[in-house]
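One structure is given here, and the rest of the page talks about it.
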Protein chains: 2
Amino acid sequence: MNIGQAAAASGLPTKTIRYYEEIGLVPPAARRDSGFRDYGERDIHLLRFVARARSLGFTVEECRQLLALWQDQDRAAGDVKRLTRERIALIDDKIAQLQALRATLAHLERTCHGGNRPDCPILEGLAGGAVS
Amino acid sequence: MNIGQAAAASGLPTKTIRYYEEIGLVPPAARRDSGFRDYGERDIHLLRFVARARSLGFTVEECRQLLALWQDQDRAAGDVKRLTRERIALIDDKIAQLQALRATLAHLERTCHGGNRPDCPILEGLAGGAVS
DNA sequence: GTTTGACCTTCCTGTTGCTGGAAGGTCCAT
DNA sequence: ATGGACCTTCCAGCAACAGGAAGGTCAAAC
């Protein structure tokens with residue numbers, strides 16, 4: 001399987017697959033005589049795992065840990081659970097921040113008449129006043 | 001006013017202030033004979049504006065636009081309102097994504113017993129199954 | 001058999017928004 | 001005059017890739 005097919009099968013762009021290999025997140029792929037990378041089922045499986053974890057917001061470093069746990073026969077599910085909990089907490093923080101942000105912006109937006117007159121509460125809010 | 005005091009007054013790190021000057025987001029500061037940058041009230045006002053806009057999630061490029069609108073006497077409040085609306089829409093998207101993410105992770109987390117046995121629904125979810 | 005075009009390789013640069021550090025100059029108080 | 005806090009510039013690097021150049025390879029069509 002060429003890298004292009006591996007990309008289609010895993011959902012990762014070829015660039016990203018090469019990058020993950022370069023930084024050692026995934027082991028180097030086998031090579032054909034031509035120098036082309038050659039992927040098998042196991043490789044695809046691994047790539048899909050990484051793709052999924054990344055799409056769930058785990059950083060590359062966390063993916064490294066998850067992969068190690070995944071491939072470790074004596075892995076402790078507790079470690080995985082802990083990583084997941086930490087990620088959930090981070091996400092909650094981020095959501096809260098974004099919601100506060102949104103409230104402030106929505107408030108400014110509501111008070112702006114939107115016409116062509118030069119006064120604009122949004123800019124005034126940014127310039128001087130308390131913004132939240 | 002030295003850059004350190006400008007930093008304290010504006011809430012931006014000195015590094016960031018120099019960086020904003022370098023990329024032309026703010027005009028070059030005046031210099032003393034010694035070469036030190038010298039900030040006045042107007043400069044601080046400008047820096048605070050940028051700091052606030054950044055903290056509200058506007059990108060540096062958007063800050064550039066906002067500054068131009070702010071300093072433009074003939075500015076149209078409508079433009080500002082539009083920028084703000086766009087930013088709110090982006091934030092809403094992001095919040096929705098994060099909430100979906102959180103739901104998936106929370107589901108995995110709930111189904112994980114967390115013990116030391118090698119089976120772990122989180123890893124299994126990442127590995128093969130449908131994750132959401 | 002050759003030619004086309006899709007695919008692959010490596011390498012280098014750029015992205016966003018800073019942050020850290022090194023090497024050196026300045027300011028001010030003691 | 002000396003110490004320490006401040007300032008200057010420049011260079012490197014962070015995440016996590018994306019884009020593109022220059023060149024090699026593969027498979028099928030002609």
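So you know, we letter chains A, B, ... as the sequences are listed, proteins then strands, and number each from 1.
No side-chain donor-acceptor contact under 3.5 Å links A:Asp38 to the backbone of A:Arg32.
Going from atom CZ of B:Arg18 over to atom C1' of D:dC7 covers 7 Å, rounded to whole Å. In this structure, the CD1 atom of B:Ile3 is 14 Å from the C1' atom of C:dT19, given to the nearest Å. The CD1 atom of B:Ile17 sits 12 Å away from the P atom of C:dC18 (whole-angstrom rounding). The distance between atom CZ of A:Arg31 and atom P of C:dC8, rounded to the nearest whole Å, is 12 Å. Computed from coordinates, the A:Ile23 CD1 to D:dG13 P distance equals 17 Å when rounded to whole Å.
Taking side-chain N and O atoms only, B:Arg64 has no distance below 4.0 Å to OP1 or OP2 of C:dT16.
The number of heavy-atom neighbours closer than 6.0 Å to CZ of A:Arg42, taken from other residues, nucleotides and ligands shown, is 12 or below.
Both B:Leu12 and B:Ile23 are part of a single hydrophobic cluster, where members link through side-chain heavy atoms under 4.5 Å apart.
In this structure, B:Glu61 pairs ionically with B:Arg64, as a charged nitrogen and a carboxylate oxygen lie closer than 4.0 Å.
A heavy atom lying under 4.0 Å from DNA chain C marks the following residues of residues 37-44 of chain A, by number: A:Arg37.
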- [ ] Determine, for nucleotides 23-30 of chain C in 5'-to-3' order, which nucleotides have protein heavy atoms under 4.0 Å from the base (write B), from only the sugar-phosphate (write S), or from neither (write -).
- [x] --BSS---
Between the protein and nucleotides 16-18 of chain D, list every N/O to N/O distance that falls short of 3.5 Å.
| unit_1 | atom_1 | unit_2 | atom_2 | d |
| --- | --- | --- | --- | --- |
| D:dA16 | OP2 | A:Val60 | N | 3.4 |
| D:dC17 | OP2 | A:Tyr20 | OH | 2.5 |
| D:dC17 | OP2 | A:Arg54 | NE | 2.9 |
| D:dC17 | OP2 | A:Arg54 | NH2 | 3.4 |
| D:dA18 | OP2 | A:Thr16 | OG1 | 3.0 |

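With rounding to the nearest 0.5 Å, the separation of NZ in A:Lys15 from CD1 in A:Ile3 is 10.0 Å. The CD atom of B:Glu62 sits 9.0 Å away from the CZ atom of B:Arg54 when rounded to the nearest 0.5 Å.
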